[in-house]
Amino acid sequence: MKKVAAFTAIAIGAIALLAAPLPSWAGGTVEGKVTFSGKPPAPKEFLFEKFPNPRFCVKNPNKDAKGEKRLLHEVEVGKDGSLKNAVVAIEGINDEKFVADFTGQDIQAELCEFKPYTSVVVENQKSFRVVNNDEEAVKVEVKKEGDQIILKDLEMDPKDKKFKETRVQASDTIRTETGSVRGADLKPGDKVVVVRGVLHNPHSFKVKGPSSATIFNIGLPEKGSKLDKPLKPNSPKPGESVFRMQCDQHEFMQVWALPITNPYYAVVGEDGKFEIKDVPAGKYKLVAWHPALNKGKPIEQEIEVKDGASASAKLEFKP
């Protein structure tokens, strides 16, 4: 009986052990900082008057003291050398489900700027989205020509050196700063402030070395205009090419993205720091990429990730 009892006790203990939750790790963490040594390059300069909507785009805070030039800060470095907008990613893990489901984040056009400046994409991404949030108020004079209403800008466009005219029908609804009116309700000679969209034209490319190929090129004429397109047929490929998007109306509006194959990545902020959690244990290549540095090529570091532990990395770009 004692042997039976002992055996029963062992069996019960074994069952209890199997039933109890076993300790498990979701992987390890990779953390660190991206820096830039040396003096960062000066921002690129664009004269507002050489581009459409100069009186609206000048509202963007990234401009010179006189408000004449739009400044594109491609490389932003903090006092401690921290590099903003770098993308950090782990290579060597191909997560097919992640790639199939990935839709990324909306790119916002705000005050003649695409946000964010850097991001990530996947090969043959099924959904890439851009939203236009811009509109401007313009003072116009009303004229009539037959059944058409002509709205003539009262200020000459510095870029085209001419007055812009917009033609609408008498039955059309026109938005003004005080509300919506019908074209028929406007009288010749009236001077009103109309509200109209700022045309942005997102033009995307696959960039491979010095060459590039268009993916899509679509105009967004009004506030609230959206595009949702797949990154085909010229899809950027991880390790071979990158993604770039630029507004054909405003050259200083740019977006860059690194193609990835798994969810283990980070886009660093102003402090240059990053943290990538739940990385499966193993040895990997960690890359940091910035579109304006190292000739657009990533810098690399070998790391080892252990379950339940943190692996540290310091990634430094040089002039």
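Because the structure is predicted, anything quoted here is derived from the model rather than measured.
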Interatomic distance, [X] atom [atom1] to [Y] atom [atom2] [nearest 0.5 angstrom]:
X	Y	atom1	atom2	value
Glu300	Leu286	CD	CG	9.5 Å
Arg244	Ile215	CZ	CD1	10.5 Å
Asp172	Arg175	CG	CZ	13.5 Å
His290	Leu83	NE2	CG	5.0 Å
Ile260	Ser119	CD1	OG	8.5 Å
Lys126	Phe128	NZ	CZ	15.5 Å

Can you confirm whether more than 12 heavy atoms, excluding those of [X], are under 6.0 Å from its [atom1] atom?
X	atom1	value
Glu304	CD	yes
Lys223	NZ	no
Lys69	NZ	no
Lys63	NZ	yes

[X] side chain vs [Y] backbone, donor-acceptor pair below 3.5 Å:
X	Y	result
Thr29	Ser310	no
Asp134	Val198	no
Thr261	Ile93	yes
Glu222	Gly197	yes
Asp106	Arg129	no
Gln125	Val122	yes
Trp289	Gly296	yes
Asn262	Asp95	no
His200	Gln249	no

[Y] and [X], any side-chain heavy atoms less than 4.5 Å apart:
X	Y	result
Gln148	Gln169	yes
Pro116	Val267	no
Ser82	Glu270	no
Gln301	Leu315	yes
Asp157	Lys164	no
Val242	Pro259	yes

field: Derivation of the side chain to side chain contact (heavy atoms under 4.5 Å, CB included) call for Glu141 and Asp190
entry: CA-CA 6 Å; Glu141 182 177 5; Asp190 284 351; over 6 Å; no
Heavy-atom pair of closest approach, residues [X] and [Y]:
X	Y	answer
Ile90	Val30	CD1-CG2, 4.0 Å
Ile174	Gly183	CD1-CA, 3.7 Å
Lys152	Phe163	CE-CB, 3.7 Å
Gly38	Pro319	CA-CG, 4.1 Å
Asn62	Asn60	N-OD1, 2.8 Å

message: Which label fits Phe216 and Phe243: parallel for a plane angle under 30°, tilted from 30 to 60°, or perpendicular past 60°?
response: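 Tilted, since the angle between the ring planes falls between 30° and 60°.
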The single option from Val255, Leu220, Asn132 passing side-chain contact (heavy atoms from CB on, under 4.5 Å) against Pro202: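 Looking at Val255, Leu220, Asn132, the match for Pro202 under the side-chain contact (heavy atoms from CB on, under 4.5 Å) is Leu220.
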message: Does Arg70 qualify as a cation-pi partner of Phe46, given the criterion of NZ or CZ under 6.0 Å from the six-membered ring centre and within 45 degrees of its axis?
response: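 Because its charged atom misses either the 6.0 Å distance or the 45° angle limit, Arg70 does not stack over Phe46.
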- prompt: Do the side-chain N and O atoms of Asp228 and Ser127 include a donor-acceptor pair separated by under 3.5 angstrom?
  reply: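 There is such a pair (donor and acceptor under 3.5 Å, judged by atom type) between the side chains of Asp228 and Ser127.
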[X] bridged to [Y] by N-O distance under 4.0 Å:
X	Y	result
Arg196	Asp153	yes
Glu251	Lys50	no
Arg182	Asp185	yes

query: Looking only at the SG atoms, are Cys57 and Cys112 under 2.5 Å from each other?
result: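 Yes.
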message: Can you confirm if the aromatic rings of Tyr284 and Tyr264 lie within a centre distance of less than 6.0 Å?
response: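 For Tyr264 and Tyr284, the ring centres are not under 6.0 Å apart.
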task: Check the pair Arg167, Glu145 against salt bridge (charged side-chain N to carboxylate O under 4.0 Å, His left out), reporting the backbone distance first and the verdict last.
output: CA-CA 9 Å; Arg167 293 173 177 262; Glu145 187 177 288; 3.1 Å; yes
Salt bridge (charged side-chain N to carboxylate O under 4.0 Å, His left out) evaluation trace for Glu74 with Lys44: CA-CA 8 Å; Glu74 293 181 303; Lys44 288 184 177 180; 3.4 Å; yes
